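Predicted model only: the values in this text are computed from it and were never measured.
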Amino acid sequence: MNKIFPQGDANGNAAAGSKALPGGEADCSPCCYSRRGACLSAFLMLLLTTLAALITLVAILGPPSRTPGAQACVTQMNRTGFLCNDRSSCIPASRVCDGVRTCAHGEDEEEALCRTVPRSLPGFLVAHCGDPASWIYSDQMCDGINNCGDCSDELSPVTTCPPCGPGWWPCPSTVFKYCSCIPRSLCRDHVQHCSDWSDEYSCPGP
């Protein structure tokens with residue numbers, strides 16, 4: 001009597017078209033391969049799209065600056081300054097992004113530093129006026145000049161400045177350029193610069 005092998009021949013081999021794999025798994029059908037290929041293609045497309053976006057971003061923003069981070073210093077006039085890359089030259093804050101290359105290598109006029117002034121400037125270079133929309137360079141604070149236009153860079157409560165220096169005369173100025181001090185060179189010139197006329201009667205002159 002002959003034995004019947006349901007899914008193979010008499011020697012136990014698998015029937016044609018149903019090749020057995022290790023672990024008992026059936027061979028992957030063409031549909032399975034198609035799904036794997038679609039997933040791989042989608043992954044490659046996502047990778048290429050991301051790479052293209054990064055290249056576009058670099059092209060728009062430009063490569064990162066190779067210069068070291070900006071550092072503050074104190075000028076010979078005891079004002080806030082910008083330290084050049086040579087680590088010895090200290091230029092006034094107001095000389096940064098003024099259109100003139102003051103540092104030997106021009107780092108005070110770099111595009112990354114001057115692209116969106118004042119937002120692109122380091123905080124130590126910027127001072128805000130009484131009007132939040134107005135700003136000046138930090139070395140222009142307490143210099144005797146009305147740089148903000150409302151004297152907020154020279155008077156309290158926005159700013160606390162030291163008394164007038166030796167070359168200045170304290171008085172309420174009638175000249176828009178000055179606030180609470182005027183240069184002594186303006187004293188006794190037969191022109192009123194102080195609301196109390198002290199520049200003509202009290203000030204000893206230069």
Handout entry: SG-SG distance Cys84 to Cys90 under 2.5 Å
Key = no
Exercise for the section: Check whether any side-chain heavy atom of Gln71 sits under 4.5 Å from a side-chain heavy atom of Arg87, and report yes or no. Expected result: yes
Practice task
Output all residues satisfying side chain to side chain contact (heavy atoms under 4.5 Å, CB included) with Ser94, sequence neighbours left out; order by chain, then residue number.
Solution key: Pro92, Tyr137, Asp139, Gln140
Exercise for the section: Could you please spell out the steps behind the side-chain contact (heavy atoms from CB on, under 4.5 Å) verdict for Cys142 and Asp153? Expected result: CA-CA 6 Å; Cys142 300; Asp153 56 310; over 6 Å; no
Problem - Shortest non-hydrogen contact from Tyr178 toward Ser173 - result: CB-OG, 3.6 Å
Handout entry: Separation between NE2 of His128 and CH2 of Trp135, rounded to the nearest 0.5 Å
Key = 9.5 Å
Exercise for the section: Would you list the pairs meeting salt bridge (Lys or Arg N to Asp or Glu O under 4.0 Å) in which at least one residue belongs to residues 90-102, sequence neighbours left out? Expected result: Arg95-Asp98
Practice task
Quick one: name the residues clustered hydrophobically with Leu47, using the 4.5 Å side-chain heavy-atom rule over I, L, V, M, F, W, Y, and just say none if it's on its own.
Solution key: none
Handout entry: Those residues that, when tested against Asp143, pass side chain to side chain donor-acceptor pair (under 3.5 Å) (two or more places apart)
Key = Asn147
Practice task
Identify the two heavy atoms, one from Leu121 and one from Cys97, that lie closest to each other, and give their separation to 0.1 Å.
Solution key: CD2-SG, 3.8 Å
Completion exercise
Hits for side chain to side chain contact (heavy atoms under 4.5 Å, CB included) against Asn78, two or more places apart or cross-chain, chain-then-number order -> Val74
Problem - Flag, side chain of Glu154 to backbone of Asn146, donor-acceptor distance under 3.5 Å - result: no
Completion exercise
SG of Cys151 to NZ of Lys177, rounded to nearest 0.5 Å, is 13.0 Å
Completion exercise
Closest heavy-atom pair, Gly130 versus Val158, reported as atoms and distance to 0.1 Å, is CA-CG2, 4.0 Å
Handout entry: Closest approach of Ile91 to Val96 (non-hydrogen atoms, all atoms of both residues)
Key = CD1-CG2, 4.2 Å
Got a list of side-chain donor-acceptor pairs under 3.5 Å for residues 182-189, not counting sequence neighbours?
unit_1, atom_1, unit_2, atom_2, d
Arg184, NE, Pro166, O, 3.1
Arg184, NE, Trp168, O, 3.3
Arg188, NE, Cys203, O, 2.7
Arg188, NH1, Glu200, O, 3.2
Arg188, NH2, Tyr201, O, 3.2
Arg188, NH2, Cys203, O, 3.4
Asp189, OD1, Val191, N, 3.0

Exercise for the section: Go through the structure and list residues passing side chain to side chain contact (heavy atoms under 4.5 Å, CB included) with Met45, not counting sequence neighbours. Expected result: none
Problem - Ser138 side chain vs Phe124 backbone, donor-acceptor pair below 3.5 Å - result: yes
Completion exercise
Rounding to 0.5 Å, atoms SG (Cys129) and CG (Asp150) come to a distance of 6.0 Å
Practice task
Might you work through the side-chain contact (heavy atoms from CB on, under 4.5 Å) test for Trp169 and Ser202, ending with a clear yes or no?
Solution key: CA-CA 10 Å; Trp169 174 255; Ser202 303; 3.8 Å; yes
Exercise for the section: Starting from Leu83, walk the hydrophobic network (Ile, Leu, Val, Met, Phe, Trp, Tyr; side-chain heavy atoms closer than 4.5 Å) and list everyone else you reach, by chain and number. Expected result: none
Handout entry: Partner residues of Ser120 under the side chain to side chain donor-acceptor pair (under 3.5 Å) criterion, sequence neighbours left out
Key = none
Practice task
To the nearest 0.5 Å, tell me how far Phe82 CZ sits from Cys103 SG.
Solution key: 5.5 Å
Exercise for the section: Give me the other members of the hydrophobic cluster that Ile136 sits in, counting Ile, Leu, Val, Met, Phe, Trp and Tyr linked by side-chain heavy atoms under 4.5 Å, directly or via other members. Expected result: Met141
Handout entry: Residues which pass side chain to side chain donor-acceptor pair (under 3.5 Å) with His193, listed by chain and number, not counting sequence neighbours
Key = Asp199
Problem - side chain to side chain contact (heavy atoms under 4.5 Å, CB included) partners of Asp196, counting only residues at least two apart - result: Cys171, Pro172, Cys194, Ser198
